[in-house]
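What follows is a set of notes on a single structure, which appears directly below.
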Amino acid sequence: MAERSFKKEVQDLRAGEGEIFRGEGILAITKALLQSGVSYVGGYQGSPISHLMDVLADANELLDELDVHFESSASEAAAAAMLSASVMYPLRGAVTWKSTAGTNVASDALTNLASGGVTGGTLIILGEDFGEGSSIPQERSHAFAMKSQMWLLDPRPNLESLVNCVEQGFELSESSNTPVMMQVRIRACHVHGEFVAKDNRAPDFKLRDALQSPRRDINRVVLPPASLAQDVEKLEERYPAAIRHIRENKLNEVFGPDNGDVGIVVQGGLYNSLMRALLYLGLADAYGETSIPIYVMNVTYPMVDDEVVEFCRDKRAVIMVEEGHPNYIEQSLISVLHRHELTTRVHGKDMLSMGGDYTASVVEKGLRNFFEKHASDRLGNRPPAPDPVPILTSEPVKKLADTVPPRPAGFCTGCPERPIFAAMKLTEKDIGQHHVSGDIGCHIFANLPPFNVSGNTMGYGLSGAGASAFNVKSDKRTISVMGDGGFWHNGLTSSIGNAVFNEHDGVIIIVDNHYAAATGGQDILSSRADNPRRSTQHSIATAVKGMGVKWVRQIDRTYDVAKMQATLTEALTTEETGPKVIIASSECMLNKQRRVKPQFRAAVKAGKRMVKERFGVDEDVCTGDHACIRLSGCPSLSVKQTDDPLKDDPVAAIDNTCVGCGNCGEVSEAAVLCPSFYRADVIHNPTRWDRLVARMRSAVIGTLQGLADSRRVAFPD
Amino acid sequence: MNALADHLTGAPVLDKPISIAILAMGGQGGGVLSDWIVSIAESQGWAAQSTSVPGVAQRTGATIYYVEMMPLHGGKRPVFSLMPTPGDVDIVLAAEFMEAGRAILRGLVNPEQTVLITSNHRSYAVVEKQVPGNGAGDSMTVVKAAGIAAKKTISFDMQDVAERAGTVVSAALFGALCGAEVLPFGREVFETAVREGGKGVDASLRAFAQAHDMAKGDQPVPALKKDTEKSLPLMPETVGHRRLDALLQRVRAEFPAPLHPMIYAGMKRLVDYQDVPYADEYLDRLAALHTRDVACGGEAQGYAFTEMAAKYLAVGMAYDDVIRVADLKTRASRFRRVQDEVGVSEEQILYTTEYMHPRMEEITGFLPARLGRAIETRPGLYKALDRVLNRGRRVRTGTVFWFGTLYVLGGMRRMRRLGLRHGREMAHIEAWLKTALDQLSDDYALATETLRSRRLVKGYSDTHSRGLSKFDRVLAQVPRLSGLPGAAGWLALMNKAALMDEEGSALDGAIKSLDAELGA
């Protein structure tokens, strides 16, 4: 994180007892960790929990004061394995990642951790990337909790509840010797709110103490017969302990009147949507006062049988509001009530949608069905619910659907990955289309227009492995694309090692932009920055060669489209056997601009000679074919309408967000497009020599132009 | 929402939070804007919450930020929703016009309650700008939809306001929100929020003030210009130059008045492109076409054929070549334009570097016809020369050497008509006009549409060849269409399809439909 500073956020983490903390959810959780006396924190960056990692990475001083060890783990598996420190020692540890993607990667370590159990409290903070804005497959973390017998918290999405949940999560973990997962949805991570802070707390038992007096216990190792005994322990000791703890500490909450003939059971994370839906139905006010009994499960696994039975006993019917599928909690609820011979009807996914976001509208519709069926009298004087349908079905709005363009996230202005895919498209034009295997990272945007470089994605660092079946004799090779993040996460072994060992003949492009760029620009092994706390600058090329790859090409300026194209063509056609690895390397422009812009401004201010580059288009030369855009898609390269009555189509235009990366010019040159691009170099604080030369040049040029203008016969403009 | 009615009395009574959705693209400052809005509410002792689903890094995607605010009740905080509910949003702020459209499409704008505050500038999405023709969505559809969907719409070019102030659109949106007087907070509360934000305060406040006044109605708001509106300049009576006035005189004598503006535009282009005799040549050709137009009953059609010819004949005659590019790039007016666009101050020095990639075709085209052909017919020589000449060149137009080179090249336009390329272009024009004229007596509309096909020829090098091949394919359909009912409609469809994608697959589809129609 060399290019961005989180100093302000770090200051927020210092808030003491009684101070009001204002900020976003994920930062509140970070603060809660420090208030809980955590000993170590690890994790792997990714939306929506990157901020937790980024802020702690900048909080060295604070962490040193508190004796907290923080690590940017190499992967989620590495982070989960870190929790091993809490198995034998009373150390509180927390790790975080994006779920379910990260939980999948971590599950090997988690399984072992859950089997052996823990002594110190362990908390796994899952940034639940589900619903609108998600970038991963739609699955539930719930399944991991069930299969490994870990407890799953799903707190109400306000800062106070989130913070409480962290503190209680550690206690629950310790009292039941079980790792605890806490899921926080995307919007809750980014929610801005406030809570009353407590003092930060240094751990009583420190990592150093553990190293001084190591402990071991063969019964905690996952070896038979211990592993079989651990399974018994899970069921007979840890599970009952957890249930006891949850009941005694009232981790789940009940709102509304004590009794009633209908009720609602809801995951904590959906509480706010539920309350808004009840407001629309006239069954609650804006401050959460409601006439319907609500059982809020801040712990969604395990279910506390006695609590739900107690809640449901006097009710004719309840509705389970549970997001995502399958409906694990609803099934469990039905089975518990059945065992206890309750006749309470349980509704859930039969009235709510099977999948997708449980927005206030979705919940409102489900609840309305539920009340109409079981307590229609409650719906007496309700205000009309918001209904966008009449507007959405009107003619002018329906027409909009054809006009409003999709606008997915894409490569940033000046992104160094754009020329790689421009080169790939040009290569495609020359020697045909090839099978492209994709990966996770910014480069996945090449799937979208204008590049449309298709590719399926099997997981982080797995693009090479994803092409491994195609290791057959053919005159066409596969192209696998992975980022530097994916490479270090898993790619080196699973994709490169696998390809070397199996003598795969394909091409692997490693897009090295000097950071884990897609997750916010964190440093990784191959970062070029000097990071005082991390070892960086490890060459990808050396690593790949060390793995046994013979054909390796390093390109240090991806904007050289012609060279990119030539190298790719060579890789696809060379006689050399085995994997062909191209490392295409240029700094992430977003991060580079963050670093360079202030430096540039400062230098100009200090009177230094500086040259600023940007690109432009001569609109009278441009014919409005937009071929340049089809090979670029840069946000700063757009089109504009002209006043020229003889031009039908808009011409290309570059706006002043251009960072002068040069891609436009390089592409138009390599693809032989058109001569309308120019680069403008503006010399700030020119030297005396600059001025002299410029004066002489413009004297000559000005004279010639004057001559031409005086000779030119033309109608006036 | 009661706050709208009651804020004048200073005592808002709300039964639910005020809800504000912000639709922006990454990099437009939507996050800053929602922080400002939260801070104005909090500064007045209200509870406020904002949420968003931002991608971590990517800068171009559409994003929705959502803010709710409400006073505390007996010390109790409201339960806020984490996402906007369709049909229940009080204020929608859109940082771009199609994003306003997206808000409407998502049901966030409703006529009972929603005040829509939007910048009406366009930032084109990739799918709009990658189209070989004009793929831009029509802003008027948003205007129409907003007309029925919103309770009130405040819309003007806030991007322009922001740029003039040296900041981003979020500051202008914040000013417009204040000027719209839909939140129960005074202007000083808003401005304090900006000041406390810390960064670029002066520029933000300038944009804020301007947008505030425009939203409030204290300052006029320019009307939204239609994307496709183009005004033809009227033909002047005289320009005070003997030879040019002779051209004007000729147009007046030989063509009906309604055609004058288009002919003037064409003639103006050709004088600029070549010289006065070239414009005369244009008028000769056009006069011949007009005579046929008159003979085929063109008067009843408003001489649409001649007018179409006036436009595309000029475009065809002013074909893009090396000489033209060199001429345009060396003009004093061009130097001034670049300076304006880039924004160079007196103390700075500007140099431009042109990215050019002339191929052998361009070079032989420029040589005298016989010499050019001689090279073309000797593949060995052609290839050898191509190896030397065909490569990307970075031409530094601000230096004496490169300027001189382009200047000389541009000055060679006097020899253009002797060149190999010129002969070919003229033959191509003749063939095209003949195809059109062949249809004129039987199907006036088809002949006119045939002229329009010329629009497909554009670009340089490969792009030019691709356009040309599409043009040839479309023109080859004209004889097949002859006599078919609705032939002009068919051809119009093909002209349109040819500009929809690069590969010509839409055109393929259109031709296949014609095959089916003709039973071929």
Side-chain angles (χ1 to χ4, degrees), chain A residues 47 50 133 186-187 190-192 275-276 286-288 360-361 386-388 391-392 396-397 399-400 403-405 407-410 412 449-450 520 620 623 625 627 629-630 633 635 638-639 645-646 648-649 665 668-669 672 674-675 677-683 686 694 700-701 704-705 714-715, chain B residues 16 50-53 55-56 58-62 73 76 78-79 81-82 85-88 98 101-102 105 107 124-130 133-134 137 141 144-145 149 232 265 268 272 315 325 328 332 342 348-357 392 400 403 407 455 458-461 463:
Chain A
S47 169
S50 280
I186 307 178
R187 284 184 176 80
H190 297 302
V191 76
H192 168 99
M275 293 318 292
R276 184 54 53 88
Y287 298 90
S361 310
D387 182 13
I391 286 297
L392 291 180
V397 174
K399 269 211 184 106
L400 266 187
T403 309
V404 174
R407 202 167 340 232
C412 305
D620 42 10
T623 59
D625 168 74
I629 290 168
R630 291 189 291 278
S638 188
V639 294
L646 300 183
D648 294 296
D649 297 317
S668 76
E669 200 174 76
V672 201
C674 87
F677 284 100
Y678 64 82
R679 191 185 75 215
D681 300 348
V682 179
I683 306 176
V700 177
I701 290 171
L704 289 173
Q705 284 174 332
F715 286 105
Chain B
K16 63 180 186 222
S50 66
T51 55
S52 62
V53 187
V56 174
Q58 297 79 27
R59 295 269 118 176
T60 53
H73 179 67
K76 219 172 160 192
V79 181
S81 174
L82 283 87
T85 301
D88 181 29
M98 282 299 155
R102 197 180 313 282
L105 268 183
Y124 298 107
V126 173
V127 291
E128 297 180 277
K129 60 191 189 183
Q130 69 172 353
N134 185 3
T141 55
K144 281 185 194 130
L232 277 171
K268 186 176 166 189
D272 182 79
V315 173
V325 172
L328 290 174
V342 176
Q348 296 162 346
I349 298 174
L350 169 74
Y351 285 112
T352 56
T353 303
E354 324 296 333
Y355 282 66
M356 298 182 163
H357 191 148
V400 173
F403 181 86
Y407 187 79
R455 179 181 174 183
K458 56 181 177 175
Y460 300 79
S461 310
T463 324

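Order of the sequence lines sets the chain letters (A, B, ...), proteins ahead of strands, with each chain counted from 1.
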Identify the heavy atoms of [X] and [Y] that sit nearest to each other, and give their distance.
X        : Y        : answer
B/Lys129 : B/Tyr124 : CD-O, 4.0 Å
A/Pro386 : B/Thr85  : CG-CG2, 4.3 Å
B/Pro86  : A/Pro388 : CB-CG, 3.5 Å

Nearest 0.5 Å, please: how far is OG1 in A/Thr623 from CG in A/Asp649?
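These two atoms lie 9.0 Å from each other.
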Supply the atom-to-atom distance B/Glu354 CD to A/Arg679 CZ, rounded to the nearest 0.5 angstrom.
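So the gap between those two atoms works out to 10.5 Å.
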Select one option (side chain, backbone, both, neither) describing which atoms of A/Arg276 are under 4.5 Å from chain B's heavy atoms.
side chain
For A/Leu392, which atoms come within 4.5 Å of any heavy atom of chain B: side chain, backbone, both, or neither?
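For A/Leu392, the contact with chain B is made by the side chain alone.
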So which residue, [options], ends up with the most heavy-atom pairs under 4.5 Å with chain B?
options                                : result
A/Gly288, A/Ala360, A/Pro408, A/Ser668 : A/Pro408
A/Val700, A/Leu400, A/Ile391           : A/Leu400
A/Thr403, A/Val397, A/Ile701           : A/Ile701
A/Val682, A/Val672, A/Asp387           : A/Val672
A/Gly665, A/Ala714, A/Gly633, A/Ala694 : A/Gly665

What residue, out of [options], has the most heavy-atom pairs lying under 4.5 Å from chain A?
options                                : value
B/Asp272, B/Leu105, B/Val325, B/Thr463 : B/Leu105
B/Ala265, B/Gly392, B/Ser461, B/Pro78  : B/Pro78
B/Thr141, B/Leu350, B/Leu82            : B/Leu82
B/Thr51, B/Val79, B/Val126             : B/Val79

Sub-3.5 Å donor-acceptor pair from the side chain of A/Arg630 to the main-chain atoms of A/Asp625, do we have one?
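The answer is yes, because a donor-acceptor pair under 3.5 Å joins these two groups.
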Set out, in order, the CA-CA distance, both residues' side-chain angles and the distance that settles side chain to side chain contact (heavy atoms under 4.5 Å, CB included) for B/His357 and B/Tyr460, then state yes or no.
CA-CA 10 Å; B/His357 191 148; B/Tyr460 300 79; over 6 Å; no
Portion of B/Tyr407 that has a non-hydrogen atom of chain A nearer than 4.5 angstrom:
side chain
By side chain to side chain contact (heavy atoms under 4.5 Å, CB included) - contacts of B/Ala125 (at least two apart):
A/Pro405, A/Arg407, B/Val127, B/Glu128
